[in-house]
Peer 1: 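Let me give you the structure first, and then I'll get to my questions.
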Amino acid sequence: MARYSRIEVAQKMAETGMVPLFYHADVELGKQVLKSCYDGGARLMEFTARGDFAHEVFTELNKYALKELPGMIMGVGSITDAAAASFYMQLGANFIVTPSLREDIAIACNRRKVLYSPGCGSLTEINRAEELGVEVIKLFPGSTYGPGFVKAIKGPQPWTNIMPTGGVDTSEANLKAWFSAGVTCVGMGSQLISKEILDKKDFEGLRSEVVEVLSIIKELKHL
């Protein structure tokens, strides 16, 4: 079962400003990535459950986080139906992320007070998601919409919390564009946890990158 309520997760998203995304079939490699992000200051991780037996990897990583990384909040992304969402919540997922808006998943998550962040791409979808109790909207793919879309949404709906995923990188210019537009946090996958880092097992480099990105975000949030 989830250790953190949806409100606690939403607050941590707003506080840190970044959710790293990661998937790899190698559990030990995953632990190193998780620890590097944690040591760099990240307190959330979206495990993108895309491979065969991904649930086995997530289970081990979540157990590791609970035992060794106090305060690290593990969630699961790339979920497509309520059955999968319920399954991962039984394994301890603290938040569920989907590529598109699914009402069945919203109901399943709300039943357990678990944060649900669906991918939305229109004001109509965003409004429906919020009617279903969604705290943080995933703007996906972020590269298609851009910061201008966020700014347009935040005009009439300043209460809407948006997390773009896709189209976000580690540069100050890119992060400034998103946060100036009014995003609550950003989701960052291969731009942060790159194939090069994984191939070289440069976990210290990853830790340093997380520190740098979170430092930039902190400054931007106080402008």
Side-chain angles (χ1 to χ4, degrees), residues 1-22 30 33-49 55 58-79 82 84-98 101-102 105-120 126 129-140 157-165 168 178-179 182-189 192 210-211 213-214 217-218 220-222:
M1 302 299 289
R3 297 290 180 93
Y4 300 89
S5 73
R6 73 185 201 180
I7 300 302
E8 290 173 315
V9 176
Q11 288 174 336
K12 190 59 67 173
M13 286 178 170
E15 179 185 320
T16 63
M18 181 180 72
V19 179
L21 287 68
F22 172 74
V33 168
L34 197 54
K35 188 175 190 307
S36 295
C37 290
Y38 181 83
D39 289 346
R43 288 299 178 266
L44 301 128
M45 171 68 77
E46 177 189 327
F47 179 79
T48 51
H55 66 285
F58 173 76
T59 299
E60 292 305 312
L61 293 182
N62 197 34
K63 287 179 179 178
Y64 171 72
L66 289 169
K67 183 179 179 181
E68 304 291 342
L69 309 175
M72 190 63 168
I73 302 172
M74 292 290 292
V76 180
S78 301
I79 297 299
S86 296
F87 179 59
Y88 275 102
M89 284 188 279
Q90 288 294 327
L91 298 177
N94 295 284
F95 60 96
I96 299 292
V97 183
T98 60
L101 175 60
R102 289 286 304 244
I105 296 179
I107 292 167
C109 289
N110 287 342
R111 192 176 289 130
R112 295 169 174 83
K113 299 290 194 293
V114 170
L115 182 136
Y116 171 47
S117 183
C120 296
I126 290 170
E130 291 179 326
E131 288 168 358
L132 291 166
V134 170
E135 304 285 347
V136 179
I137 301 291
K138 173 184 176 180
L139 180 64
F140 181 77
Q157 297 192 178
W159 57 82
T160 297
N161 295 312
I162 298 176
M163 173 179 67
T165 301
V168 181
W178 285 113
F179 280 94
V183 301
T184 296
C185 61
V186 294
M188 204 179 301
L192 178 69
V210 172
V211 169
V213 170
L214 290 177
I217 290 173
K218 185 176 181 180
L220 292 172
K221 278 181 167 289
H222 287 90

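Keep in mind the model is a prediction, meaning the values are calculated, not measured.
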Peer 1: Checking the side chain of Lys35 only, and the main-chain atoms of Ala65 only, is there a donor and an acceptor separated by less than 3.5 Å?
Peer 2: no
Peer 1: Take Thr165 and Leu21 through the side chain to side chain contact (heavy atoms under 4.5 Å, CB included) test and state the conclusion after the steps.
Peer 2: CA-CA 9 Å; Thr165 301; Leu21 287 68; 3.6 Å; yes
Peer 1: To the nearest 0.5 Å, tell me how far Thr59 OG1 sits from Phe47 CZ.
Peer 2: 9.0 Å
Peer 1: So, do Val186 and Ile217 sit near enough that their side-chain heavy atoms are less than 4.5 Å apart?
Peer 2: yes
Peer 1: Sequence neighbours left out, what passes salt bridge (Lys or Arg N to Asp or Glu O under 4.0 Å) with Glu15? Give chain and number order.
Peer 2: Lys12
Peer 1: Strictly distance-based, threshold 3.5 Å: is any side-chain N or O of Tyr116 a donor or acceptor partner for the main-chain N or O of Val136?
Peer 2: no
Peer 1: Any side-chain to backbone donor/acceptor pair from Gln90 onto Phe87? Under 3.5 Å, distance only.
Peer 2: no
Peer 1: Considering all heavy atoms of both residues, which atom of Val114 and which atom of Ala93 are nearest to each other, and what is their separation?
Peer 2: CG1-O, 4.2 Å
Peer 1: Carefully, step by step, assess Glu8 and Arg3 under the rule side chain to side chain contact (heavy atoms under 4.5 Å, CB included).
Peer 2: CA-CA 10 Å; Glu8 290 173 315; Arg3 297 290 180 93; over 6 Å; no
Peer 1: Taking Asn161 for the side chain and Val183 for the main chain, is one N or O donor matched with an acceptor at less than 3.5 Å?
Peer 2: no
Peer 1: Can you find a heavy atom in the side chain of Leu139 that is under 4.5 Å from one in the side chain of Trp178?
Peer 2: yes
Peer 1: Quick one: are Val134 and Pro118 in side-chain contact, heavy atoms under 4.5 Å?
Peer 2: yes
Peer 1: To the nearest 0.5 Å, tell me how far Met18 CE sits from Cys185 SG.
Peer 2: 10.0 Å
Peer 1: To the nearest 0.5 angstrom, please state how far the OG1 atom of Thr160 sits from the CD atom of Glu135.
Peer 2: 11.0 Å
Peer 1: Where do Val76 and Ala49 come nearest, in terms of heavy atoms and distance?
Peer 2: CG1-CB, 3.7 Å
Peer 1: Quick test of your reading: applying salt bridge (charged side-chain N to carboxylate O under 4.0 Å, His left out), list the pairs with at least one residue in residues 68-77, sequence neighbours left out, ordered by first then second residue.
Peer 2: none
Peer 1: Minimum heavy-atom separation for Pro20 and Leu192, please, with both atom names.
Peer 2: CB-CD2, 4.0 Å
Peer 1: Determine whether Val19 and Met45 make a side-chain contact, defined as any pair of heavy atoms from C-beta on separated by less than 4.5 Å.
Peer 2: no
Peer 1: Do the side chains of Cys109 and Met89 get nearer than 4.5 Å, heavy atoms only?
Peer 2: yes
Peer 1: Quick check for you: to the nearest 0.5 Å, what is the distance between Asp39 atom CG and Leu34 atom CG?
Peer 2: 9.5 Å
Peer 1: Report yes if some heavy atom in the side chain of Phe140 is under 4.5 Å from a heavy atom in the side chain of Met163; otherwise report no.
Peer 2: no
Peer 1: Determine whether a donor-acceptor pair (N or O, by modelled atom type, separation under 3.5 Å) exists between the side chain of Arg102 and the backbone of Thr98.
Peer 2: no
Peer 1: Pick one: which of Leu44, Leu91, Leu69, Asn62 meets side-chain contact (heavy atoms from CB on, under 4.5 Å) with Met74?
Peer 2: Asn62
Peer 1: Please work out which of the three classes, parallel, tilted or perpendicular, describes the rings of Tyr88 and Phe58, given edges at 30° and 60°.
Peer 2: perpendicular
Peer 1: In terms of side-chain heavy atoms, does Asn94 have a donor or acceptor partner in Arg6 at a distance below 3.5 Å?
Peer 2: no
Peer 1: Could Arg43 and Tyr38 be counted as a cation-pi pair, given that NZ or CZ must be under 6.0 Å from the ring centre and within 45° of the axis?
Peer 2: yes
Peer 1: Considering only heavy atoms from C-beta outward, does the side chain of Arg112 approach that of Ser86 to under 4.5 Å?
Peer 2: yes
Peer 1: So how far is it from Ile105 CD1 to Ile79 CD1, rounded to the nearest 0.5 Å?
Peer 2: 7.0 Å
Peer 1: Between Cys120 and Ile126, which heavy-atom pair has the shortest distance, and what is it?
Peer 2: CB-CG1, 3.9 Å
Peer 1: Rounded to the nearest 0.5 Å, how far does CE of Met72 lie from CG of Leu61?
Peer 2: 10.0 Å
